[in-house]
Amino acid sequence: MNILKKANKKTTIIISLIVVAVALVGISIAYLSDSAGTLVNTFDAASIHTDIEEEVDGSLKKDVKVANNDKTDALVRVRLSISNEKLFNQYFGLKDLGNNPWELKGEYYYYTEVLKSKTKTQSLFTRLLYKDGNEYKDFPFVEDSEGNYVLDSSATDRMKEALQILNSVEITVYQESVPVKFSYKDNGQTIQLNADQNGNGSIDTDEEKADAEKIWNYFESQK
């Protein structure tokens with residue numbers, strides 16, 4: 001029996017001063033229910049419900065987080081896909097991308113803490129930055145009398161050019177979540193995994209890290 005089903009949710013962020021398009025696509029995954037903190041061999045038909053959330057303003061602030069809207073604690077990872085990536089890398093960067101407690105492994109950013117029920121991750125990234133040589137800077141926006149964000153007089157022609165390029169750039173954030181603990185049968189033997197053995201929400205012991213990796217590996221095998 002496949003006790004984990006693919007969970008693949010995505011938010012497409014069209015980075016523009018005036019357009020933000022968000023799309024969510026999700027498939028539920030079954031999780032092992034628990035009683036009094038112990039693993040049991042029954043399954044709840046409910047799903048882990050996690051969503052990508054973003055806070056946006058006209059100054060190109062893009063505060064992206066994952067929210068756990070379910071009753072079950074979860075492990076979370078995300079993957080970024082950037083259209084026109086070569087052009088994007090010439091002009092832009094993402095502030096705070098991959099900072100602790102996010103960790104880049106392969107193509108995924110893994111959240112290195114347990115995402116407790118009804119909580120949110122820390123930001124995956126917080127703002128779009130302008131690339132000036134080898135430095136990354138904030139765009140010099142100011143708010144006018146009508147509440148609109150406009151470039152101030154210090155903005156260079158290249159900055160203005162970069163803003164025009166934004167209309168052809170999309171950043172898609174894919175997120176996946178799996179239960180923090182579950183068990184499965186392997187050749188008649190029950191294998192129990194728990195990435196939060198201490199119950200403190202921190203995946204910091206070798207045993208917890210090993211179980212978290214095994215949970216993700218099992219999830220991959222069921223795709």
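Scope of the values below: all heavy atoms of this structure, side chains included, with no hydrogens, waters or symmetry mates. The chain is numbered in sequence order, starting from 1. Since the model is a prediction, treat every value here as computed from it, not as a measurement.
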So do the side chains of [X] and [Y] get within less than 4.5 Å of each other, counting heavy atoms only?
X	Y	result
Asn99	Phe125	no
Val64	Thr126	no
Gln175	Arg77	no
Phe219	Glu176	yes
Asp211	Val180	no
Leu151	Lys160	yes
Phe92	Ile165	yes

Are the side chain of [X] and the backbone N or O of [Y] linked by a donor-acceptor pair below 3.5 Å?
X	Y	value
Thr190	Lys185	no
Asn84	Ser168	yes
Ser117	Asp70	yes
Gln197	Asn194	yes
Asn198	Asn200	no

> For residues 190-202, which residue pairs qualify under salt bridge (charged side-chain N to carboxylate O under 4.0 Å, His left out), counting only residues two or more places apart or in two chains?
Replying inline: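 Residue pairs passing salt bridge (charged side-chain N to carboxylate O under 4.0 Å, His left out), neighbours aside: Lys116-Asp196.
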>> Show every salt bridge (charged side-chain N to carboxylate O under 4.0 Å, His left out) that has at least one partner inside residues 103-114, sequence neighbours left out.
In response: none
I need the minimum non-hydrogen distance between [X] and [Y], along with the two atoms involved.
X	Y	answer
Glu208	Ser202	OE1-O, 3.0 Å
Thr156	Tyr130	OG1-OH, 4.1 Å
Ile203	Ala212	CG2-CB, 4.3 Å
Asp73	Asn68	CA-ND2, 4.0 Å
Thr112	Pro101	OG1-O, 2.6 Å

> Do we see a donor-acceptor contact under 3.5 Å between the side chains of Arg79 and Tyr174?
Replying inline: no
Donor-acceptor pairs under 3.5 Å, side chain of residues 139-147 to any protein atom, not counting sequence neighbours: which ones?
{"residue": "Asp144", "atom": "OD1", "partner": "Glu146", "partner atom": "N", "Å": "2.9"}
{"residue": "Asp144", "atom": "OD1", "partner": "Gly147", "partner atom": "N", "Å": "3.0"}
{"residue": "Asp144", "atom": "OD1", "partner": "Asn148", "partner atom": "N", "Å": "2.8"}

Going from [atom1] on [X] to [atom2] on [Y], what distance comes out if it is rounded to the nearest 0.5 angstrom?
X	Y	atom1	atom2	result
Asp63	Lys95	CG	NZ	11.0 Å
Phe88	Glu170	CZ	CD	12.5 Å
Ile82	Thr172	CD1	OG1	9.5 Å
Ser154	Met159	OG	CE	6.0 Å
Asn69	Ser177	CG	OG	10.5 Å

> Among Leu80, Val66, Asp96, whose side-chain contact (heavy atoms from CB on, under 4.5 Å) with Leu124 holds?
Replying inline: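 The residue from Leu80, Val66, Asp96 that satisfies side-chain contact (heavy atoms from CB on, under 4.5 Å) with Leu124 turns out to be Leu80.
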>> Which residue in the set Val78, Val173, Val76 passes side-chain contact (heavy atoms from CB on, under 4.5 Å) when paired with Tyr109?
In response: Val78
> Is the charged tip of Arg158 near the ring of Tyr91: under 6.0 Å from the six-membered ring centre and within 45° of its axis?
Replying inline: yes
>> For Lys214, give me all partners under salt bridge (Lys or Arg N to Asp or Glu O under 4.0 Å), at least two apart in sequence or on another chain.
In response: none
>> Restricting to salt bridge (Lys or Arg N to Asp or Glu O under 4.0 Å), what partner residues turn up for Asp204, sequence neighbours left out?
In response: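 In terms of salt bridge (Lys or Arg N to Asp or Glu O under 4.0 Å), with neighbours along the sequence ignored, Asp204 is linked to no residue.
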> Same cluster for Leu128 and Leu87 if Ile/Leu/Val/Met/Phe/Trp/Tyr side chains link at under 4.5 Å?
Replying inline: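 Yes, Leu128 and Leu87 fall within the same hydrophobic cluster.
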> Going only through I, L, V, M, F, W and Y residues with side-chain contacts under 4.5 Å, is there a path from Leu104 to Leu129?
Replying inline: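 No; tracing contacts between hydrophobic side chains, which count when under 4.5 Å, never links both residues.
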> Got more than 12 heavy atoms from elsewhere within 6.0 Å of NZ, Lys118?
Replying inline: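 For Lys118, atom NZ is crowded (more than 12 foreign heavy atoms under 6.0 Å).
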Answer with yes or no after comparing the ring centroid distance for [X] and [Y] against a 6.0 Å cut-off, counting only values under it.
X	Y	result
Phe182	Tyr218	yes
Tyr111	Trp102	yes
Tyr108	Trp216	no

> Can you list the residues that meet the side-chain contact (heavy atoms from CB on, under 4.5 Å) rule with Lys137, with sequence neighbours excluded?
Replying inline: Asp132, Glu135
